[in-house]
Amino acid sequence: MTEVEIGRAKSARRVYAFDDVAIVPSRRTRDPQDVSISWSIDAYQFEVPFLAAPMDSVVSPATAILMGQLGGLGVLNLEGLWTRYENPEPLLAEIRGLPAEQATQRMQAIYSEPVKPELVTSRLAQIRAAGVTVAGALSPQRTQELYKTVVEAGVDLFVIRGTTVSAEHVSKTQEPLNLKKFIYELDVPVIVGGAAGYTPALHLMRTGAAGVLVGFGGGAASTTRASLGIHAPMATAVADVAGARRDYMDESGGRYVHVIADGGLGSSGDIVKAIGMGADAVMLGSTLARATEAPGGGKHWGPEAHHPELPRGNRVEVGQVAPLEQILFGPSTVTNGTVNLAGALRRSMATTGYSDLKAFQKVEVVVAPYNAR
């Protein structure tokens with residue numbers, strides 16, 4: 001990739017965000033109803049390649065169940081309000097109503113309540129009782145402490161999600177999580193991330209992960225770029241990790257690791273481009289926080305927003321645009337790509353002549369000469 005000189009002592013790769021690239025039609029088109037957007041990971045099949053992000057403004061036990069009933073996967077935040085409080089509804093309402101200048105400090109206080117293992121068990125049991133695939137997420141820092149509780153509760157897919165997750169964390173003060181040993185000994189598939197480039201993703205794949213989340217500080221509520229100066233434009237990040245998947249398949253004799261874009265997916269067009277860059281599925285935060293059933297009630301925040309020492313996110317206003325089913329499947333009455341996500345993906349694939357997600361990963365893309373959606 002072309003190197004750009006920043007100054008005499010520093011050069012850099014030119015990389016691209018979703019807004020910098022565009023999908024190109026080919027010689028063939030299809031009917032949208034003939035296109036399959038189904039997705040599977042390990043033994044679990046889904047009608048749509050959408051995961052609801054483990055964020056308290058997006059996923060409650062009830063919305064995880066609804067997401068599963070609609071053919072996707074809802075991932076519950078196992079360090080969120082639902083596992084800290086028996087009844088988190090009053091606190092969710094309080095967070096929704098906080099003045100912007102008070103939100104961070106008050107959220108830090110609310111989230112200082114300890115996670116209760118018995119609530120982890122009961123929330124996951126509630127989702128399992130509904131007959132949908134059960135997925136829960138922990139940060140790398142809490143995985144050692146709580147994973148046995150999570151597995152014993154009957155989770156189907158275990159997600160380890162942080163701002164960034166490496167296979168080689170180094171610490172002088174504590175024993176780091178040995179991902180390879182952990183995944184090998186665990187009896188459920190593990191999805192891990194975020195990873196923002198080829199090398200860290202390849203190392204995560206070598207741990208035995210079933211899927212790798214791609215993204216770093218690109219979400220609508222994140223201020224990681226402003227606070228840490230770190231950012232990974234998503235078009236290049238997804239393509240790099242897809243390249244790691246290809247090389248790992250050769251290295252491992254054919255083992256396939258799923259690439260899941262996580263961040264910077266504010267519209268259906270971004271989702272289309274993520275798949276076109278090589279993602280198998282997408283993890284959605286703000287896009288689904290706009291659902292009328294979402295716990296955030298039109299507000300959206302992530303775990304980095306209430307970090308006790310260095311908050312790196314805001315509680316943001318996303319509004320409520322439609323019920324979850326309508327956001328996923330339409331019909332849409334808006335033109336900005338926030339409703340009928342599945343329909344938009346189907347139509348893009350049909351317009352470019354591809355019949356399934358795997359084939360669509362090979363679609364032609366161009367660097368757009370303008371900054372427009």
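In this chain, numbering begins with 1 at the start of the sequence shown.
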(request) May I ask you to say whether Arg206 pairs ionically with Glu251, meaning some side-chain N is under 4.0 Å from a carboxylate O? (result) yes
(message) Within the supplied structure, the quantity of interest is the number of heavy atoms (other residues, nucleotides, ligands) at a distance under 6.0 Å from Glu293 CD; does it exceed 12?
(response) yes
(message) Which label fits Trp39 and His258: parallel for a plane angle under 30°, tilted from 30 to 60°, or perpendicular past 60°?
(response) perpendicular
(request) Check Ile127, Val155, Val134 against Leu76 for a side-chain contact (heavy atoms from CB on, under 4.5 Å) and give me the one that passes. (result) Ile127
(message) Does this structure show an ion pair linking Arg13 with Glu3, if we count only N-O contacts that are shorter than 4.0 Å?
(response) no
(message) Using a 4.5 Å cut-off between side-chain heavy atoms of Ile, Leu, Val, Met, Phe, Trp and Tyr, which other residues end up in the same hydrophobic cluster as Tyr256?
(response) Met249
(request) Mark yes when over 12 heavy atoms from residues, nucleotides or ligands other than Glu94 sit less than 6.0 Å from its CD; otherwise mark no. (result) yes
(message) We want to know whether Thr63 and Ser60 form a side-chain donor-acceptor pair, criterion being a heavy-atom distance below 3.5 angstrom.
(response) yes
(request) For Thr292, enumerate each residue passing the side-chain hydrogen bond (donor to acceptor under 3.5 Å, both in side chains) test, keeping only those at least two apart in sequence or located in another chain. (result) none
(message) Could you check whether atom CD of Glu325 has more than 12 heavy atoms from other residues, nucleotides or ligands sitting under 6.0 Å from it?
(response) no
(request) List in chain and number order the residues that pass side-chain hydrogen bond (donor to acceptor under 3.5 Å, both in side chains) with Thr83, two or more places apart in sequence or in another chain; answer none if no residue qualifies. (result) none
(message) Surrounding NZ of Lys181 (heavy atoms of other residues, nucleotides or ligands, distance under 6.0 Å), is the total greater than 12?
(response) no
(message) Can you confirm whether more than 12 heavy atoms, excluding those of Lys358, are under 6.0 Å from its NZ atom?
(response) yes
